Amino acid sequence: MSLSLDDVSRIARLARIEISPAEATHTRDQLNGILAFVEQLQAVDTTGIEPLAHAVDVVQRLRPDTVTETDRRDDFQAIAPETEAGLYLVPRVIE
Amino acid sequence: MSWEVVIGLETHTQLQTRSKIFSGAAIAFGAAPNRQACAVDIALPGVLPVLNREAVVCAIKFGLAVGANIAPRSIFARKNYFYPDLPKGYQISQFETPVVSGGGLTVHVGEAEKFVHLTRAHLEEDAGKSLHEDFHGKTGIDLNRAGTPLLEIVTEPDMCSSAEAVAYAKALHALVTWIGICDGNMQEGSFRCDANVSVRKPGAPLGTRREVKNLNSFRFLQQAIDYEIQWQINEIEEGRQIHQATVLFDPDTGETRAMRSKEDAHDYRYFPDPDLLPLEITAAWIDEVRSKLPELPQAMQQRLATDYALSAYDAATLTSTREIAAYFEAVVAAAGTANAKLCANWVMGELAARLNRDELEFSASPVSAPRLAGMILRIADGTLSSKLAKEVFESLWTDAASSADTVIEARGLRQVSDAASIEPIIDAVLAANTKSVEEFRSGKDKAFNALVGQVMKASKGKANPQQVHDLLRKKLG
């Protein structure tokens, strides 16, 4: 699998990244290099091997169901770009 | 030209834990914005989710209650999408290996019985809330709900009408509240359904489905599905194609409409969450949870029908919630199995009606189970006629200190059943109503009932009606 310049432009638009035609060509070559590497990985025969969910072979520790957190809204909101009435404000997400 | 409807439901049930699924923040409803959103919930850098044991217990309980397979090992995955009320940029969910798979629910649609198969049920976290009004062109974000534990329960496309879908949703609602994993409060969003609806010609392959999101009442579920079915049929019959879409139901218009389209097809780029290790559920743990599981509604229904000789309808009504079931069992325990049918009638009838009128739960009934049982015993032994019992019940309802016996004594409500007391009343009534007596003798049965009514009236309702009947027949005979 390899990407065309159109694919790269589309991905850039979805990610809201502005790229020049020169950058698009460069990025396409880099991405195609990565995809070629993935193809190499995919060529390995993994028949009969259980999928790995985590690199460490231990199981999840569980937490007792108790409320341990206190209200720290003021601290958190002190570093937020904009807040009002206890809410975090973000650019409008619906038209 | 007939159409076949295919419906599958996905239900998000909010689990009844104290803290969130991956953090120690509280999940109480109605807190001020962001007061219950900790560093994990708002996704500050460097935080680590740790799974809440109780959320897993809820999932195990559910799996056991629907006869499903509980995965000895399941995996949490990241479901990636971008939205401001999802501050991490992904939702922690389960993808390839859910904690519960298979099983199902028997539901009743009118007279018919149907088994709805479940595909899976998986644990995940809820997102926050976006408020789009009132912030001078900006959107306000409240992350209190972010990280609330959910069990998403997914059915096979087994239902073929809105009635079946509603019956399933009601049965599921009854079950999750019965086993105590969800409070079932639909208004507060604790139990919300998404319906996948498609239509096809009988025998044809499945049609393209559209998903109606976030239906938070049984009525909306039914309306949304009915509208969607009709809309899809019209589209196809007018030569248009159905496109897979997510749609919203507008309760004001009763219509569904497609949400703003995403720029491309969904690609959630699921992958195992490296922050969480595989969840292991041992057989011993499952056994422990099983031992604490209450008797399930279906099993209880059968037991009530068998042990107390109740009809299937009575048994189903009395097991519609755990509260009514517990109340009924307490009444029968005090009034005796022999009076079970009488207990059932009073619990489902007079008491349920009064509770309903005053918007009370069975657990908050002003008439406790032992007090109701006390009255039922007086009906059973003939002290009270059903008419007098209603008067006694009224007193029990309004006066918490009263018992059936004290009310009967204080108000002289004891039913009069001995002939020596009733006969003089009958004689007086016969003497005063010679016209009715003549009518009866000339063959008018109605006149007899009029006489019974007069005797009951003269006794102020206390005479045993059966006794009055018998004595009157004898005297007129």
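Owing to the predicted nature of the structure, the values given are computational and were not obtained by experimental measurement. Each chain gets a letter, A, B and so on, in the order the sequences are listed, and its residues count up from 1.
- For Phe22(B), the part lying under 4.5 angstrom from a heavy atom of chain A is the backbone only.
- Put simply, the side chain of Arg73(A) never gets that close to the backbone of Arg35(B): no donor and acceptor are under 3.5 Å apart.
- Separating the CD atom in Glu69(A) from the CG atom in Asp41(B) is a distance of 7.5 Å, to the nearest 0.5 Å.
- Ranked by heavy-atom pairs shorter than 4.5 Å toward chain A, the options Ala77(B), Ala32(B), Gly140(B) are led by Gly140(B).
- Atoms CD and CD1, from Glu82(A) and Ile141(B) in turn, are 12.0 Å apart once rounded to the nearest 0.5 Å.
- Residue Tyr88(A) holds its OH atom at 3.5 Å from CD1 of Ile42(B), rounded to the nearest 0.5 Å.
- Within the 4.5 angstrom heavy-atom criterion, no atom of Asp75(A) approaches chain B.
- Between atom CG of residue Asn34(B) and atom OG1 of residue Thr83(A) there is a gap of 9.0 Å, rounded to the nearest 0.5 Å.
- Counting heavy-atom pairs closer than 4.5 Å to chain A, the top residue among Ala39(B), Ala31(B), Gly128(B) is Ala39(B).
- Within the 4.5 Å cutoff, the side chain of Val67(A) has no heavy atoms near those of the Gln36(B) side chain.
- In this structure, Ala85(A) and Pro33(B) approach most closely via the heavy-atom pair O-CG, 3.9 Å.
- For residues 272-283 of chain B, the interface with chain A (any heavy-atom pair closer than 4.5 Å) comprises Pro272(B), Asp273(B), Pro274(B), Leu276(B), Leu277(B), Pro278(B), Leu279(B), Glu280(B), sorted by residue number.
- Using a 4.5 Å heavy-atom threshold, the side chains of His132(B) and Val93(A) count as touching.
- With a 4.5 angstrom heavy-atom cutoff, Lys20(B) touches chain A only via backbone atoms.
- With 3.5 Å as the limit, one finds a donor-acceptor pair spanning the side chains of Arg63(A) and Ser19(B).
- Annotation: the span from Arg18(B) atom CZ to Thr66(A) atom OG1 amounts to 7.5 Å, rounded to 0.5 Å.
- Taking chain B as the reference chain and counting heavy-atom pairs below 4.5 Å, the highest number among Asp74(A), Asp71(A), Thr68(A), Ile79(A) is found for Asp71(A).
- Asn52(B) has its side chain out of reach of Leu62(A): every pair of non-hydrogen atoms, C-beta onward, lies at least 4.5 Å apart.
- Annotation: Glu96(B), atom CD; neighbour count of heavy atoms from other residues, nucleotides and ligands within 6.0 Å does not exceed 12.
- Contacts of Ile27(B) with chain A are absent, with no heavy-atom separation under 4.5 Å from either backbone or side chain.
- The candidate with the highest count of non-hydrogen atom pairs below 4.5 Å against chain A, out of Gly137(B), Ser130(B), Ala37(B), Ala55(B), is Gly137(B).
- His136(B) places a side-chain heavy atom less than 4.5 Å from the side chain of Leu89(A).
- Arg16(A) contributes atom CZ, which lies 9.0 Å from atom CZ of Phe82(B) (distance to the nearest 0.5 angstrom).
- In this structure, the portions of Ala26(B) lying under 4.5 Å from any heavy atom of chain A include both its backbone and its side chain.
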